[in-house]
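Keep in mind that this is a model prediction, so the values were computed, not measured.
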Amino acid sequence: MAKAADVVVQCLENEGVEYVFGIPGEENLDLLESLRKSQIKLVLTRHEQSAGFMAATYGRLTGKTGVSLSTLGPGATNLVTASAYAYLGGMPMLMITGQKPIKKSKQGRFQIIDVCGMMAPITKYTHQFASADNIPARMREAFRLAEEEKPGAVHLELPEDIAAEQTDSLPIPPSLHRRPLAEHKAIEAAVEKLQNARSPILVIGAGANRKMTAKVLHQLIDKTGIPFITTQMGKGVVDERHPRFLGNAALSSGDFVHRAIEAADLIVNIGHDVIEKPPFFMVRGGTEVIHINFRSAEVDAVYFPQVEVIGDIANAVWQIGEVLNDTSHWDFTRLMAIREANEAQIAEGADDNRFPVYPQRLVADIRRALPSEGIVALDNGIYKIWFARNYKAHKPNTVLLDNALATMGAGLPSAMAAHLVHPDRPVISVCGDGGFMMNSQELETAVRLKMNLTVIILRDDGYGMIRWKQANMGFSDFGLDYGNPDFVQYAQSYGAHGHRVESAEGFLPLLLDCLSTPGVHVIDCPVDYSENDQILNTELRTRSAQV
């Protein structure tokens with residue numbers, strides 16, 4: 001016989017869990033004691049939301065379920081945003097929350113809310129343990145569902161009295177499982193469409209971000225010369241220095257990539273999810289679409305593919321590449337002209353010396369500073385568009401960009417998780433001043449864990465992306481200004497190294513120094529977004545229409 005909390009930890013060990021991120025409460029103390037005796041590392045954070053973001057990012061980077069922990073009530077409600085982040089973003093994460101005893105209440109309804117009911121709409125699975133004997137089965141099921149395509153968040157509630165029960169139940173070993181392969185007639189239909197096309201294009205989305213898929217996509221592109229674009233969450237699946245890379249779908253419309261999609265006569269949509277902003281809109285009688293994914297297409301008014309290839313994406317792409325032979329009639333003259341125009345536009349501003357720093361210069365300098373395996377974790381703000389467009393990802397999962405929930409506050413925690421998964425790689429977190437302050441307290445966690453991390457705060461003293469939209473709608477500038485602390489002193493108060501950018505030319509040398517010096521570095525970087533509207537809304541639309 002063993003205590004139920006010990007069995008929970010045995011199940012976590014059985015699943016290969018390395019870290020549990022979170023903040024325990026009184027109702028988790030049995031579980032905390034069981035973790036103390038385990039090889040699993042507890043990463044104690046300063047807010048449950050940060051713990052959830054870290055667990056989700058761990059799942060995103062490894063494909064294994066990240067685990068977060070909170071108490072009941074307010075601890076559990078603080079996990080809601082992180083759960084939605086993982087659920088929409090396709091990141092495997094398990095949340096374990098505590099609860100008061102369910103068999104005999106001693107405190108009435110104090111702190112008690114229906115956490116399972118709260119989590120149900122934003123998880124793949126939620127369950128309250130009512131018996132210690134059921135723990136192994138429910139734990140195994142939670143991990144299975146978290147990692148099964150499409151990955152996402154799951155939730156288990158462990159009441160205090162159940163955690164203290166005795167049971168002779170043992171962990172259930174994970175089963176051997178392989179994803180089903182696409183049916184051969186679907187492959188034939190896709191190949192026939194490709195053979196009859198004259199100028200097809202690949203659109204690579206988040207679902208393609210798997211190791212084998214990246215490899216076979218590269219092989220297909222090299223074999224056939226077919227050009228490709230990526231969605232924001234598909235960045236880096238194929239090296240974006242590739243001569244057939246046409247760009248990233250960072251904007252909703254009017255960019256060079258949209259001109260490329262319009263010029264194509266067949267779109268091969270690989271691993272895309274309607275949760276991301278659509279890189280194109282389908283219309284009746286318009287360009288046909290081949291949908292290649294683990295799951296069938298979620299039909300939408302703007303998305304109704306003509307051919308669906310459902311099954312393991314990597315195998316489906318490989319099968320298509322094996323059969324597809326005669327592509328000599330393909331003509332990509334127009335698409336490559338669009339590519340050249342896009343490349344020329346991206347190069348502009350890379351050496352802009354104006355100060356405060358312009359986003360084009362910032363993005364170019366960060367790309368210059370980081371090696372191919374270096375990781376940039378982005379919070380959410382207008383700079384995300386500039387990174388999606390201008391920052392060329394060389395490898396998968398080196399640009400951690402959220403285009404699903406698109407929540408502020410995730411940039412710093414996701415960078416911290418990236419450091420834990422890849423301690424030998426340089427990691428940079430890029431945050432607006434608004435997003436940074438939502439979870440800035442985690443600087444203490446990063447310092448305490450002796451992380452090597454560089455945090456760049458883009459300071460414009462307001463919610464810049466909302467101001468941009470406000471101006472576009474013709475409204476007065478109102479309600480979006482705030483003050484900031486002295487970020488250099490703020491960083492130092494946590495034991496981190498604080499720095500301030502004084503000129504555009506000074507940014508890159510400062511960044512290189514931070515990346516080469518161990519510890520947590522915070523860079524206060526004033527940024528100028530004044531040309532965003534002119535470039536992104538007017539100039540790009542005009543120039544792309546001229547190609």
Side-chain angles (χ1 to χ4, degrees), residues 43 54 57-58 61 235-236 239-241 350-353 355-379 383 386-387 390-401 411-433 436 439-440 442-459 486-527:
V43 176
M54 292 179 75
T57 303
Y58 176 92
L61 291 172
K235 276 190 76 65
D239 190 333
E240 292 175 0
R241 293 170 294 183
D351 297 306
D352 194 320
N353 283 330
F355 188 79
V357 178
Y358 277 67
Q360 303 97 305
R361 172 67 181 263
L362 175 100
V363 172
D365 279 352
I366 291 176
R367 180 65 281 179
R368 290 167 179 140
L370 279 178
S372 293
E373 69 275 6
I375 295 172
V376 178
L378 299 177
D379 205 273
Y383 50 87
W386 287 107
F387 273 91
N390 290 28
Y391 185 94
K392 290 200 173 181
H394 300 170
K395 293 186 177 181
N397 286 324
T398 54
V399 179
L400 301 183
L401 186 161
L412 175 57
S414 61
M416 293 164 64
H419 169 79
L420 290 175
V421 174
H422 298 295
D424 297 327
R425 295 197 199 180
V427 178
I428 293 174
S429 172
V430 179
C431 307
D433 42 11
F436 172 74
N439 277 310
S440 64
E442 299 308 333
L443 284 177
E444 188 280 324
T445 308
V447 170
R448 172 168 28 97
L449 296 179
K450 296 180 172 58
M451 291 185 170
N452 298 321
L453 198 65
T454 299
V455 184
I456 303 170
I457 304 170
L458 306 184
R459 177 167 53 82
D486 182 321
F487 285 123
V488 173
Q489 293 185 21
Y490 186 73
Q492 291 169 348
S493 72
Y494 284 112
H497 306 282
H499 312 270
R500 184 172 288 111
V501 177
E502 304 287 355
S503 68
E505 301 96 314
F507 174 69
L508 181 56
L510 173 60
L511 179 57
L512 289 169
D513 184 59
C514 291
L515 290 172
S516 63
T517 306
V520 178
H521 296 266
V522 176
I523 299 175
D524 175 359
C525 181
V527 66

Does a side-chain heavy-atom distance below 4.5 Å link [X] with [Y]?
X: Val421; Y: Thr57; value: no
X: Tyr494; Y: Val522; value: no
X: Pro356; Y: Val527; value: no
X: Asp379; Y: Leu412; value: no
X: Leu443; Y: Tyr490; value: yes

Distance in Å, [X] [atom1] paired with [Y] [atom2], rounded so as to fall on 0.5 Å steps:
X: Leu511; Y: Arg368; atom1: CG; atom2: CZ; result: 11.5 Å
X: His521; Y: Ile428; atom1: NE2; atom2: CD1; result: 11.5 Å
X: Leu378; Y: Tyr383; atom1: CG; atom2: OH; result: 7.0 Å
X: Asn397; Y: Ile375; atom1: CG; atom2: CD1; result: 7.5 Å
X: Glu502; Y: Leu510; atom1: CD; atom2: CG; result: 9.5 Å
X: Asp424; Y: His419; atom1: CG; atom2: NE2; result: 9.0 Å

[X] and [Y]: which non-hydrogen atoms are nearest, and at how many Å?
X: Ile457; Y: Asp433; result: CG2-CA, 3.8 Å
X: Met416; Y: Glu442; result: CE-O, 3.6 Å
X: Ala369; Y: Leu508; result: CB-CD1, 3.8 Å
X: Ala418; Y: Leu61; result: CA-CD1, 3.5 Å
X: Ser372; Y: His394; result: OG-ND1, 2.8 Å
X: Ala504; Y: Val357; result: CA-CG2, 4.1 Å

**Request:** List the steps, then state whether side chain to side chain contact (heavy atoms under 4.5 Å, CB included) holds for Thr398 with Arg425.
**Result:** CA-CA 10 Å; Thr398 54; Arg425 295 197 199 180; 4.0 Å; yes
**Request:** Assess whether side chain to side chain contact (heavy atoms under 4.5 Å, CB included) is satisfied between Ile366 and Val376, documenting all intermediate values.
**Result:** CA-CA 9 Å; Ile366 291 176; Val376 178; 4.0 Å; yes
**Message:** Would Val43 and Met54 count as a side chain to side chain contact (heavy atoms under 4.5 Å, CB included) here? Give the steps.
**Reply:** CA-CA 10 Å; Val43 176; Met54 292 179 75; 4.2 Å; yes
Sub-3.5 Å donor-acceptor pair from the side chain of [X] to the main-chain atoms of [Y], do we have one?
X: Glu240; Y: Ala393; value: yes
X: Arg367; Y: Lys392; value: yes
X: Ser414; Y: Gly411; value: yes

**Request:** Given side chain to side chain contact (heavy atoms under 4.5 Å, CB included), test Val455 with Phe487 step by step and report yes or no.
**Result:** CA-CA 11 Å; Val455 184; Phe487 285 123; over 6 Å; no
**Request:** For the pair Phe387 and Tyr391, name the ring-plane relationship: parallel under 30°, tilted 30 to 60°, perpendicular over 60°.
**Result:**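 It falls in the tilted class, 30° to 60°.
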**Prompt:** Quick one: do Arg500 and Asp524 make a salt bridge, cutoff under 4.0 Å?
**Reply:**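 Looking at Arg500 and Asp524, the cut-off is met.
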